[in-house]
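Please read the structure below before turning to the comments.
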Amino acid sequence: MEERIASLVEKLRGKADCALVTDDINRRYLTGMKSSAGYVLVFPEETVLIIDSRYIEKARESVRHCRVEELTGGIYAAVKKELTAHGAKTAAVEARSLTVQRLHALEKALPGFSFLADDTLSGALYDLRTVKTPAELERIEAAQQLAEAALDNLLHKLHAGMTEREVALELDFYMRRHGAEDLSFETIALTGAHTSMPHGVPDDRRIAAGDFVLMDFGAVVDGYHSDMTRTVCVGEPTEEMREIYHIVRAAQDAALAAARPGITGDALDAAARDVIREAGYGEYFGHAVGHGVGLEIHEFPVASPKREQVLAPGHVVTVEPGIYLPGKFGVRIEDFVHITENGCENLTNIPNKLICL
Ligand code: ZN
Ligand code: ZN
């Protein structure tokens, strides 16, 4: 935490006297504590967490490197007191999450202070969050292990006749029962023709023999998310299903082999997309190949045709090509990797080969 704060102070130097962090995720990133309210003020000399009575006991007990102040009156008066005490005139705010309404309220309540509302602070925080520390990677790995155990458990039970909702519930229950703080997102479990909808919503449709079942899910451990998609077949797939699966798998293998420091997001996307295009299915792969994963399920870097962000050691990015044939079926296979000094480490331990049950 101390290192994050030191890096943030460095990034703000010459632009603002302090940072005023109000975003729930960024506050957790800087304090290590989950809460739905609170302000973090980062000054070069010290960091102050202003938080109300609902969280004060936990904050005093767990937040070590911030001065914790209980909010008893108005938040703007408390902020003003800290700014004044530190001789700070300019506070950087989070352009990507502070509402326009809140910014106007701050400006109105604190005349004489200025608020830097360009991308300086949000950009700095996202840049820091994009590069994971070993401690963050450990949590991401723990989240993935839970998700893999949930899939392993499910595969022993998966059978024709189960509904999509039952499949999703089995995965969710297992992850939560075994220690997930939350689910990474609403689990996607689709079967039959529904699998052609990349982000379809599970309903009462039942698995029929010979159907694909597409599952996209993850667990959250200590704030950190995992993300995995597997498409398995209950019974015997058709030749066409096998062929499509193998194209998607080859596309994923190509991108996994290309993932290394220095590659741009669009080049990583192209590594997978080219395989699908050359096989004649380019028009059936509409989404980006990958996204960063961390305290949020969608972070930076983004691996899409439109993003030229360069991947670097410490980045965590998904590799999730798919082919979706409307009215028939779809296949997506998603792993996620940690970019290392020389290449990448796959954080997904379940092989990407076609599983037929
Ligand atoms: Zn996913
Ligand atoms: Zn994903």
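Ligands are counted one by one from 1 in listed order, and the atoms in each one are counted from 1 as well.
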As a test of understanding, state which of H287, H194, H199 forms a ring-ring contact (aromatic ring centres under 6.0 Å, His included) with Y324. H287

Measure the acute angle between the ring planes of F329 and F212, then classify it against the limits of 30° and 60° as parallel, tilted or perpendicular.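 If you compare the ring of F329 with that of F212, the planes turn out perpendicular.
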
Examine all N, O or S atoms of H291, backbone included, and report whether one is under 2.8 Å from the Zn ion (ligand 2).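 For H291, the answer is yes, given that an N, O or S atom comes within less than 2.8 Å of the Zn ion (ligand 2).
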
Which N, O or S atom name in [X] marks its closest approach to the Zn ion (ligand 1)?
X    : result
D216 : OD1
E334 : OE1
D227 : OD1

With respect to Y224, which candidate in L137, I140, V316 satisfies the side-chain contact (heavy atoms from CB on, under 4.5 Å) definition? I140

Assess, by modelled atom type and distance only, whether the side chains of D172 and T187 contain a donor and an acceptor separated by less than 3.5 Å. yes

What heavy-atom pair brings G330 and T231 nearest, and what distance separates the two atoms? O-CG2, 3.9 Å

Among the N/O/S atoms of E320, select the one at the shortest distance from the Zn ion (ligand 2) and name it.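 Minimum-distance N/O/S atom of E320 relative to the Zn ion (ligand 2) is OE2.
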
